[in-house]
Amino acid sequence: MTPQQGAQQTLLSASDLYCERDDRVLFEGLALSITDGELIQLAGPNGAGKTTLLRLLAGLNRDFEGQLLWHDVPLMTVYPEYAGNRLYMGHLSAVKKSLTALENLRWLTAQDRPSEKQLWEALEHVALAGYEHTPCLQLSAGQQRRVALARLKISRAPLWILDEPFTALDKDGVSWLEGELQAHVSNGGAVIITSHHALEGIPGLRRLELGGVV
Amino acid sequence: MSLVRATVRRDLLLAARNPGEWANPLMFFLMVAALFPMAVDPNPEFLAKIAGGVIWVAALLATLLSLDSLYRADVEDGSLEQWLASGESLYAMSLGKALVHWCISGLPLTLMSPLLGVMLHLPEEAYFALFISLAVGTPVLSLLGAVGAALTASLRSGGLLLALLILPLYVPVLIFAASAVYHAGIGMAYNGQVAMLGAMLALALALTPFAAGAALKLNLSR
Amino acid sequence: MWQWLVRLYHRLGSPKWFYEMTERWIFWLALAAGGSAIVGLVLGLLYAPADYQQGDSFRIIYIHVPAALLAQSAYMMMAVAGAVYLIWRMKMAAWVAKVIAPVGAAFCLIALLTGAIWGKPTWGTWWVWDARLTSMLMLLFLYFGVMALQQAMESEEASYKAGAILALVGLVNIPIIKYSVEWWNTLHQPATLKLTEKPSMHPDMLWPLLIMIVSTYLFFALVVILRTRNEILWHERKRQWVRKILES
């Protein structure tokens with residue numbers, strides 16, 4: 001399905017978000033909604049609260065005021081369902097150094113229950129063919145990042161929430177990831193991302209500036 | 001539940017890849033127990049009297065030593081974030097983690113305890129009591145300790161603090177377990193003590209994963 | 001009744017209300033605590049008859065028992081306040097819990113010290129592994145744990161929550177610890193002279209004790225209120241109403 005066909009559906013919407021950390025107001029009155037086929041890039045200086053907002057939207061952080069709706073239902077009441085439909089990747093990749101690329105990916109995608117074949121294909125996709133049984137401590141930072149990103153090939157979640165996914169990637173990796181984001185969005189998926197990387201080429205891109213505005 | 005199962009499998013695999021994780025506490029257990037005869041009195045009759053208590057204190061300290069790393073790596077590398085993001089129950093996750101901890105600390109300690117019994121001249125009648133008290137008591141140590149480990153996982157000097165938090169909570173286990181071994185040694189019944197340990201295990205199984213789950217959420221750095 | 005409770009809850013949750021309300025209480029609380037302490041001590045030290053076994057040394061009971069009782073209830077109050085914070089996110093409860101910890105620990109320490117001083121003439125030694133003293137020692141360790149944890153956490157919120165979780169785990173454990181220590185004690189020292197367990201206490205001895213217990217609780221309430229007011233001022237220092245107070 002392309003975004004042009006059929007009625008667009010609001011996946012996630014937030015209104016009147018207020019969040020403070022240790023007596024400092026990060027944002028207040030913040031509203032945002034995302035429909036399929038959209039990509040929202042959160043931008044702003046360091047400390048503006050990008051990661052906090054991202055975690056809040058992912059349902060990880062519940063210390064805030066305001067409303068979060070998933071398909072027009074309060075998100076926390078349907079959290080397990082929401083968790084199954086959104087993929088969250090923090091700036092930490094949860095890759096264990098003494099396990100192999102394959103073992104790590106198997107853990108990362110445990111909830112999707114992929115077949116062995118899917119796992120191998122996903123690793124091949126991120127240019128790690130031949131490294132399946134290599135312990136991750138022998139891989140470079142960029143390669144470890146790719147192990148984590150291989151999840152994107154396996155996940156069936158319509159909403160991706162990604163925190164600085166371009167970190168440590170080389171040029172090929174960057175263009176691969178851009179391609180993945182574009183493909184996901186044009187297949188009717190949605191992405192919320194924090195990144196200092198320019199994502200101009202992707203249709204459906206919106207930028208949300210944090211910090212200084214409040 | 002799939003992520004809980006995958007985590008249990010992954011942690012066991014990690015322990016297999018890094019044998020120090022389970023072997024170091026075992027060696028520590030052995031060494032601490034060996035210090036007592038040298039520090040106090042190597043006389044077999046005296047040792048027989050204190051053997052149960054010494055082995056239990058050593059087991060308790062060895063457990064504490066291995067607890068510190070239970071959640072630390074998971075907090076630092078982002079695994080914790082993934083658990084929270086998975087929508088799976090944190091109760092099940094903490095229970096799974098405590099189970100893994102017992103498999104790599106309490107279980108080997110239990111299996112190795114007869115060796116220490118020999119070194120400390122434990123009376124023959126007390127071996128089974130030692131074994132059963134460790135088998136029932138060490139899971140309680142893992143479960144209670146997991147709460148402390150979850151509370152201190154993101155603190156740099158967590159290890160010592162963990163001991164401060166957890167040791168007073170270990171007192172009942174220590175009292176009943178050491179007494180079971182002692183009473184078995186002098187030929188008295190010890191099933192009451194083992195029953196108490198069993199009751200504590202049931203209570204710990206039911207309640208501590210809630211506390212550990214709640215504590216885990218505190219480690220989500222901002 | 002229920003509605004009244006709900007209203008009280010909302011009021012207690014408001015730092016401003018608490019601050020203004022307690023303003024009026026402080027004087028009367030201080031008066032009641034001080035007055036009852038004087039009455040209790042005079043009665044206990046001067047008028048109560050000497051103990052037939054322990055002589056005058058038993059009179060330390062008028063400090064020891066109230067302190068021990070308070071140390072235990074303070075832990076319970078701290079855990080309950082912590083639970084209120086965890087469940088309803090009421091900040092006032094977190095401040096109260098934080099404020100209680102050192103006060104409760106101090107009373108625990110007083111109970112231990114007076115127990116040791118009492119032990120010297122009674123048992124001929126400063127420390128005996130008596131069931132009650134051992135339980136008190138474990139309680140002191142539990143207090144230390146909560147305080148050390150609160151102090152170590154980097155963010156304030158995390159320190160409140162961590163302290164509350166640990167206090168609750170401790171609360172469940174206290175009866176188990178007490179039971180196990182008592183069981184252990186009867187096993188090893190069946191014939192110790194118990195410090196406070198008298199078959200029956202003469203009313204002239206008992207009354208001052210009851211008055212001292214009330215007095216100690218009043219004093220505790222006073223200290224906790226004063227310390228909570230400090231917390232309120234600090235945390236609400238940027239609010240208008242606090243600025244007004246500070247300026248005047």
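Because the structure is a prediction, the values reported are computed rather than measured. First the proteins, then the strands, lettered A, B, ... as listed; each starts at 1.
At a 4.5 Å heavy-atom cutoff, the contact between B:L161 and chain C is made by side-chain atoms alone. For a residue to count as touching a neighbouring chain, one of its non-hydrogen atoms must lie under 4.5 Å from one of that chain's; by this rule B:L144 touches chain C with the side chain only. Contacts between B:S154 and chain C at a heavy-atom distance below 4.5 Å are absent for every atom of the residue. Contacts between B:L203 and chain C at a heavy-atom distance below 4.5 Å involve the side chain alone, from C-beta outward. For chain C, the nearby part of B:L207 is the side chain; its heavy atoms alone come within less than 4.5 Å.
A 6.0 Å sphere centred on CZ of C:R237 holds more than 12 heavy atoms belonging to other residues, nucleotides or ligands. The 12-atom threshold is not exceeded at CZ of B:F131, counting heavy atoms of other residues, nucleotides or ligands nearer than 6.0 Å. Other residues, nucleotides and ligands contribute at most 12 non-hydrogen atoms within 6.0 Å of the NZ atom of C:K16. Around atom CZ of C:F18, more than 12 heavy atoms belonging to other residues, nucleotides or ligands sit under 6.0 Å away. Around the CE atom of C:M76, the shell of radius 6.0 Å holds no more than 12 heavy atoms that belong to other residues, nucleotides or ligands. Residue B:F128 qualifies as open at atom CZ: its count of foreign heavy atoms under 6.0 Å is 12 or below.
Contact residues of residues 161-179 of chain C toward chain B are C:K161, C:A162, C:I165, C:L166, C:V169, C:G170, C:V172, C:N173, C:I176, C:I177, C:Y179 (heavy-atom distance under 4.5 Å).
Across B:L165 and C:G145, no two heavy atoms sit closer than the pair CD2-O, 3.2 Å. Shortest non-hydrogen contact noted between B:L151 and C:M153 is O-CE, 3.8 Å. Of all heavy-atom pairs spanning C:A158 and B:L218, the tightest one is O-CD1, 4.0 Å.
For the pair C:F144 and B:P168, the minimum side-chain heavy-atom distance is 4.5 Å or more.
Once rounded to the nearest 0.5 Å, the distance linking CG of B:L164 with CG of C:L142 reads 11.5 Å.
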Can you list the steps and then say if C:S180 with B:F176 is a side-chain contact (heavy atoms from CB on, under 4.5 Å)? CA-CA 7 Å; C:S180 64; B:F176 285 108; 3.3 Å; yes
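Note: B:L169 leads B:V171, B:I166, B:L169, B:T152 in heavy-atom pairs under 4.5 Å with chain C.
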